[in-house]
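Order of listing sets the numbers, starting from 1, for every ligand and every atom in it.
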Amino acid sequence: MAYETLIVETRGNVGLVTLNRPQALNALNSTVLKELKAAYAAFHADEAIGAIVITGSERAFAAGADIKEMQSLQFADIYKSDFISGWDDIAKARKPVIAAVSGFALGGGCELAMMCDFIIASETAKFGQPEITLGVIPGMGGSQRLTRAVGKAKAMDLVLTGRMMDAAEAERSGLVSRVVAPERLLDEALAAAEKIASLSQPSVMMAKEAVNRAFETTLEEGLRFERRLFHSLFATDDQKEGMAAFVEKRKPAFKHR
Ligand code: CAA
């Protein structure tokens with residue numbers, strides 16, 4: 001498929017998506033959403049792909065939903081079409097997705113990064129939910145995912161004032177997992193994704209499901225869910241192989257990777 005707003009490549013066993021609307025600082029419009037869905041679907045269908053990295057440019061991961069596309073929309077229309085609900089599909093990717101963020105990750109850009117399983121940031125990254133300065137509020141999960149990631153105080157500060165936080169503050173707050181020099185960003189994200197892709201896919205996907213369940217349920221139910229998944233992995237060849245390889249002091253040769 002030919003993409004207009006993305007560059008879609010494979011690097012080894014990793015799917016790499018680069019947002020590519022430089023003239024709009026990678027603002028997220030309906031074409032980006034349509035193409036991201038198609039790229040994710042293709043990576044999911046490709047057995048060889050074990051993880052996905054999504055990135056932007058050095059200047060901007062994405063500066064938000066496309067304000068020019070939204071500007072003249074009317075309530076009745078966006079309510080009826082449930083405008084931007086399609087982004088929920090992006091958050092539901094089953095294979096792990098890493099966001100590699102450099103520059104601005106604002107509004108929908110910050111929300112897209114938070115839909116990923118974890119965020120690796122360049123020292124230049126700036127995160128924020130500036131929708132309030134436009135007379136609206138976050139609409140792609142910012143008020144919910146940011147609050148879960150950084151807690152109420154920091155989320156309220158960002159959502160109510162619209163200010164940006166730098167990479168150091170984002171790491172301190174728990175929004176990003178690592179901060180690296182700008183020139184290391186893509187290599188670091190690809191290496192993390194390649195490591196994940198080298199592991200047994202059922203265990204990787206179940207690990208992702210188990211961590212995500214922590215946001216949806218009580219501790220008791222979450223612990224039960226985790227334990228049942230843990231039990232089920234003993235039905236896989238890869239559990240036998242992984243444990244045998246450890247005991248025999250060799251590298252595992254996983255079947256389902
Ligand atoms: N939508 C559409 N176009 C955008 C955009 C956006 N979110 N962000 C930047 N652009 C465009 C600018 O209009 C500009 O285009 P022109 O050259 O045609 O004028 C181009 O990208 C470059 O931007 P700037 O000239 O503004 O660059 P800058 O370096 O001076 O400022 C910035 C950078 C601080 C990120 C600034 O562009 C900015 O504030 N952008 C908007 C950020 C924002 O409010 N995001 C939230 C959007 S709403 C949302 O996301 C809702 C939701 O939750 C679903």
If you look at each N/O of ligand 1, which protein N/O atoms lie under 3.5 Å away, and at what distance?
residue	atom	partner	partner atom	Å
ligand 1	1 (N)	Ile67	N	2.9
ligand 1	7 (N)	Ala63	O	3.1
ligand 1	7 (N)	Ala65	O	3.0
ligand 1	13 (O)	Lys68	NZ	3.0
ligand 1	15 (O)	Lys68	NZ	3.4
ligand 1	18 (O)	Lys68	NZ	3.4
ligand 1	21 (O)	Gln23	O	3.4
ligand 1	27 (O)	Arg59	NH2	3.2
ligand 1	29 (O)	Arg59	NH2	2.8
ligand 1	45 (N)	Ala63	O	2.9
ligand 1	50 (O)	Ala65	N	2.9
ligand 1	50 (O)	Gly108	N	2.8
ligand 1	53 (O)	Glu111	OE1	2.7
ligand 1	53 (O)	Glu131	OE2	2.6
ligand 1	53 (O)	Gly139	N	3.0

- [ ] Decide whether Val176 and Met115 are clustered together by the hydrophobic rule: side chain heavy atoms of Ile, Leu, Val, Met, Phe, Trp, Tyr closer than 4.5 Å, transitively.
- [x] yes
TODO: Quick one: name the residues clustered hydrophobically with Phe225, using the 4.5 Å side-chain heavy-atom rule over I, L, V, M, F, W, Y, and just say none if it's on its own.
DONE: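 The other cluster members (ILVMFWY side chains, heavy atoms under 4.5 Å, direct or chained) are Met206, Leu229, Leu233.
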Open item on the list: How close do Asp117 and Pro96 get, counting heavy atoms only, and between which atoms?
Closed with: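 Closest approach of Asp117 to Pro96, heavy atoms only: OD2-CA, 3.1 Å.
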Task: For Asp89, side chain to side chain donor-acceptor pair (under 3.5 Å) partners two or more places apart - done: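 With neighbours one apart ignored, the set is Lys37.
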- [ ] Not counting sequence neighbours, which residues clear side chain to side chain donor-acceptor pair (under 3.5 Å) with Lys240? List them please.
- [x]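 So Lys240 forms no side chain to side chain donor-acceptor pair (under 3.5 Å) with any residue.
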Open item on the list: Test ring-ring contact (aromatic ring centres under 6.0 Å, His included) on Phe234 and Phe230; report intermediate values, then the result.
Closed with: CA-CA 7 Å; Phe234 284 72; Phe230 176 78; 5.2 Å; yes
